[in-house]
S.K.: 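Below you'll find the structure I mean.
Keep in mind that the numbers below use all heavy atoms, side chains included, and drop hydrogens, waters and symmetry copies.
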Amino acid sequence: MTKSELRSLYLGKHRALPTAEHAGLSALIADKFFREAKLAGTASVHCFISINHTGEVETMPIFERIWREFPNVRTFAPRINEQTGNIDSLPFRAETVLLENRWKIAEPSDGPVADPPEMDIVIVPLLCFDLDGFRVGYGKGFYDRFLAECRPDCLKIGLSFFPPVDRIDGLHDGDMALDVFITPEKTYRRDAKTQRLG
């Protein structure tokens with residue numbers, strides 16, 4: 001299926017999840033993230049702030065546990081820069097003031113912008129992903145451009161309620177594959193040799 005077809009299908013799947021199930025699956029995914037990511041040696045984590053009306057995986061449990069258990073890890077969240085069309089990575093802590101942008105996405109209101117190469121881990125939003133490690137997002141390309149500027153050794157993680165599809169049709173050169181996808185049932189890792197998830 002094409003990106004647009006998958007986007008429409010999986011937006012519906014996300015919105016159809018009952019509230020209690022959404023919360024429970026998000027908690028499972030958050031727990032698996034902490035088993036997957038080695039935060040003891042990590043300096044900086046960039047993570048999206050969930051969009052409530054699209055039914056994304058809830059990321060506040062991840063932020064809150066990092067703040068509580070790994071206080072030396074710097075946490076960042078995205079703010080869309082409408083002048084450049086890119087993501088700015090701003091510090092995000094419990095006391096950070098959030099404002100909604102025109103897409104009703106909560107963003108840090110202010111703070112110094114960090115360069116993408118500063119990030120050791122980037123947690124990326126998605127609607128679905130395939131067995132080659134590519135994702136369908138919301139069609140704006142913000143994260144693909146951001147990830148292209150990150151270091152090669154930056155760990156790129158996607159969070160999904162659903163297992164992978166076989167293939168996403170209509171990919172282009174700007175689409176960035178991720179390293180790891182965490183679902184409630186399984187963690188998928190991209191093999192360096194085959195470039196496929198296993």
Side-chain angles (χ1 to χ4, degrees), residues 7 10-11 13-39 42-80 87-101 103-109 111 113-114 116 118-129 135-138 140 142-144 146-147 150 154-163 176 178-188:
R7 185 173 296 118
Y10 278 86
L11 271 170
K13 285 177 175 283
H14 280 80
R15 289 171 175 157
L17 280 174
T19 300
E21 185 177 358
H22 179 279
L25 294 175
S26 292
L28 282 174
I29 290 169
D31 286 344
K32 291 180 76 172
F33 165 77
F34 285 95
R35 292 198 297 271
E36 178 66 34
K38 309 304 180 189
L39 291 180
T42 297
S44 301
V45 175
H46 172 106
C47 180
F48 68 97
I49 297 173
S50 308
I51 308 173
N52 291 332
H53 62 275
T54 63
E56 284 182 332
V57 174
E58 178 54 60
T59 56
M60 281 310 297
I62 292 176
F63 281 114
E64 289 167 354
R65 186 167 166 185
I66 293 174
W67 298 337
R68 185 172 64 249
E69 298 182 11
F70 302 92
N72 293 328
V73 175
R74 298 185 301 156
T75 48
F76 296 84
R79 185 177 69 184
I80 295 170
I87 285 173
D88 289 339
S89 190
L90 273 64
F92 179 43
R93 301 292 298 179
E95 64 274 11
T96 300
V97 175
L98 298 177
L99 298 175
E100 280 194 352
N101 65 19
W103 294 287
K104 299 188 182 300
I105 301 171
E107 303 175 323
S109 60
V113 177
E118 294 181 48
M119 301 302 129
D120 298 312
I121 296 173
V122 177
I123 305 172
V124 182
L126 58 89
L127 292 167
C128 67
F129 66 103
R135 57 182 267 279
V136 173
Y138 296 94
K140 302 294 185 183
F142 293 122
Y143 265 98
D144 289 316
F146 182 79
L147 293 173
C150 291
C154 172
L155 183 63
K156 301 176 288 295
I157 299 177
L159 309 179
S160 178
F161 290 126
F162 306 104
M176 299 291 294
L178 306 187
D179 303 307
V180 176
F181 294 87
I182 299 172
T183 74
E185 293 80 21
K186 182 177 177 180
T187 297
Y188 298 83

S.K.: Are Phe48 and Ile105 close enough that some pair of their side-chain heavy atoms sits under 4.5 Å apart?
M.R.: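 Side-chain contact under 4.5 Å: no.
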
S.K.: Between Asp31 and Arg65, is the closest basic N to carboxylate O distance under 4.0 Å?
M.R.: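 Here Arg65 pairs with Asp31 in a salt bridge, since their nearest N and O are under 4.0 Å apart.
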
S.K.: Would you say Ser50's side chain and Val57's backbone share a donor-acceptor pair under 3.5 angstrom?
M.R.: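 Yes: the side chain of Ser50 pairs with the backbone of Val57.
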
S.K.: Is the shortest side-chain N to carboxylate O distance from Arg135 to Asp144 below 4.0 Å?
M.R.: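 Here Arg135 pairs with Asp144 in a salt bridge, since their nearest N and O are under 4.0 Å apart.
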
S.K.: Hey, is the main chain of Thr42 close enough, under 3.5 Å, to the side chain of Asp120 for a donor-acceptor pair?
M.R.: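 No; judged by distance alone, with no hydrogens or angles, the pair does not exist.
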
S.K.: Lys32 side chain to Thr183 main-chain N or O, any donor-acceptor pair under 3.5 Å?
M.R.: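 Side chain of Lys32 to backbone of Thr183: a pair is present.
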
S.K.: Parallel, tilted or perpendicular: which one describes the rings of His14 and Phe161, with boundaries at 30° and 60°?
M.R.: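 His14 vs Phe161 ring planes: tilted.
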
S.K.: Regarding Tyr138 and Thr54, is there a side-chain donor-to-acceptor distance under 3.5 Å anywhere?
M.R.: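 Yes.
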
S.K.: Determine yes or no for a side-chain-to-main-chain donor-acceptor pair under 3.5 angstrom, with Ser44 supplying the side chain and Arg74 the backbone.
M.R.: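 Here the side-chain-to-backbone pair does not exist.
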
S.K.: Report the relative orientation of the aromatic rings in Phe129 and Phe181; use parallel for angles under 30°, tilted for 30 to 60°, perpendicular for over 60°.
M.R.: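 Plane angle under 30°, so parallel.
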
S.K.: Verify, without hydrogens or angle tests, whether Glu107 (side chain) and Ile80 (backbone) share a donor-acceptor contact under 3.5 angstrom.
M.R.: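 Looks like yes, one N/O pair under 3.5 Å.
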
S.K.: Is the shortest side-chain heavy-atom distance between Phe92 and Ile49 below 4.5 Å?
M.R.: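 Side-chain contact under 4.5 Å: yes.
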
S.K.: Just verifying a value: how many Å separate Met119 CE and Ser89 OG, rounded to the nearest 0.5 Å?
M.R.: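 OG of Ser89 is found 4.0 Å from CE of Met119.
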
S.K.: List the steps, then state whether side chain to side chain contact (heavy atoms under 4.5 Å, CB included) holds for Phe142 with Phe146.
M.R.: CA-CA 6 Å; Phe142 293 122; Phe146 182 79; over 6 Å; no

